[in-house]
Amino acid sequence: MKKFGSLFLVSLLSGATTLGAYKLFFENNNPSDSIVSMAPSNFTRNVGSADGNLDFTQAADKTVHSVVHVKNVSFRTVSNPIMEFFYGFRGGQQQEQVGTGSGVIISEDGYIVTNNHVIKDASEIEITLNNKKSYKAKLIGTDSKMDIALLKIDADEKLPYTVFADSDTVKVGEWVLAVGNPYNLNSTVTAGIVSAKARNLDTRGIQSFIQTDAAVNPGNSGGALVNTRGELIGINTMISSQTGSYVGYSFAVPSNITKKIIEDLMEYGNVQRGILGVEGAELNGAASKELGIKQTQGFYVSKVNKNSGAEKSGIKSGDVIIKLDNQSIGTYAELSGYINTKRPNDKIQVTIIRDGNTKVIPVTLTKNEFISTEFKGLELENIDASDKKKFNINYGVRIKDLSNERLEQYADELKGGVILKIGNVKINDIETLSKIISEVNENQSVQMELLTANGQIIRLIL
């Protein structure tokens, strides 16, 4: 019995020693040194926030009531060839077409922003609020380039609305919500992060999208992209997929561009665009090596347009633009995106690198009507109202003069004519042309479709 008591005492001491060692070496260790860490029973997971207080519900609640359903009713004439052939029937039959999308209320008195493609060719526009009330909407104005349209409804009450945030301060990796009102199912909310900024998906080189992985499907076009405070940072506008449905990423027009377009439509009735007046390409390692310069980031100026603010301020071919005001510039989309928030006569500070030295040059932006450029020995400028009326067109660039010896014998027909396409790309204006020029080698042949001064369509290879 004595021996058993001694063994019990030894076992007890050994157990106490083992427990004490465990407490000393494991429980008091730094948690980061542990292989497995267990969350306490009252642990709450907070997603993606440095301060651990991120909550989507408040942003969603602030936004859903200001996102509306947009119904577009249009009519088209459907003809019956058999009736026409046998019975001489003419005129066709009117057929109603209905399109839908989303919109965002931006003022308590009923101004609504949506996509231009949502209301394009509409004979009638109907808005349904989140509370199911419906109103007829008036079209205030559109900007087809940026796919933005402004509508107005006269409601019998003050409406909830979404305020604008500064989209220039949006950061890649930031949490965002995409809010839409598709198919009149009330507002829907999806969450994601900002995947990229200043995405250029347009061959005209004038878009500067915010890319997000928040799910956006066709009925959500024109809806809101908001930050976690419920402030508007973009208008959802495009899904890049072969099926037309969400496949992992979608795109929004930044709020700063949207806001400027809306203010122009309200004040002037059309969009006022300021032009810097440079042509060129964004830099990378390969381009910099080919150009023989050290700078590998920024926008390389290969040409300065005549009569532009850039020319008047002294910007030269060979300069590298690295900043506009306080906005860093690394791509064409970043440059055009920032300029698209400005108007003619706005002054900006352009930071360039010239011969290894950094300079800041003040530039006054000009109207795009005053800009001209040269391509393949043709001096080109934007068409004006008289050209549009004369040729019954709404796009193209006018041939102001020519210095191409091969074309001198056709000068009378070509001067005053309008280039409509280069390759398969429609030329809307000098901005479009500048983008194409930056991608074409000087010795590379291109096919042009143009209207001569007497209205004939011809094709040239230069």
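Counting heavy atoms from C-beta on, the side chains of Ile193 and Val176 never come closer than 4.5 Å.
The side-chain contact (heavy atoms from CB on, under 4.5 Å) test with Leu150 singles out one residue from Ile112, Ile261, Ile106, and that residue is Ile106. The residue from Asn130, Thr100, Ile127, Leu129 that alone fulfils the side-chain contact (heavy atoms from CB on, under 4.5 Å) condition with His69 is Thr100.
Side-chain atoms of Asn270 and Asp264 include no donor-acceptor pair closer than 3.5 Å. When only modelled atom types and interatomic distance are considered, Tyr300 and Asp319 share no side-chain donor-acceptor pair under 3.5 Å. The closest side-chain donor-acceptor pair between Thr128 and Ser134 falls under 3.5 angstrom. A donor and an acceptor atom, one from each side chain of Glu174 and Asn227, are nowhere located under 3.5 Å apart. Side-chain contact, Thr237 with Asn115: a donor N or O sits under 3.5 Å from an acceptor N or O.
The pair Glu124-Lys136 meets the salt-bridge criterion, since a charged nitrogen lies less than 4.0 angstrom from a carboxylate oxygen. A salt bridge between Asp387 and Lys389 is absent, with no side-chain N of the basic residue lying under 4.0 Å from a carboxylate O of the acidic one.
Of all the heavy atoms in Asn236 and Ala178, the pair that sits closest is ND2-CB, 3.8 Å. A pairwise comparison of heavy atoms in Ile105 and His65 identifies CD1-O, 4.3 Å as the closest pair.
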Asp109 and Tyr161: CA distance, side-chain angles, deciding distance, side chain to side chain donor-acceptor pair (under 3.5 Å) verdict: CA-CA 9 Å; Asp109 59 344; Tyr161 63 94; over 6 Å; no

Would you please test Glu282 and Asn284 for side chain to side chain donor-acceptor pair (under 3.5 Å) and show each step? CA-CA 7 Å; Glu282 57 196 60; Asn284 53 41; over 6 Å; no

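In Asn454, the CG atom is crowded: over 12 heavy atoms of neighbouring residues, nucleotides or ligands sit closer than 6.0 Å.
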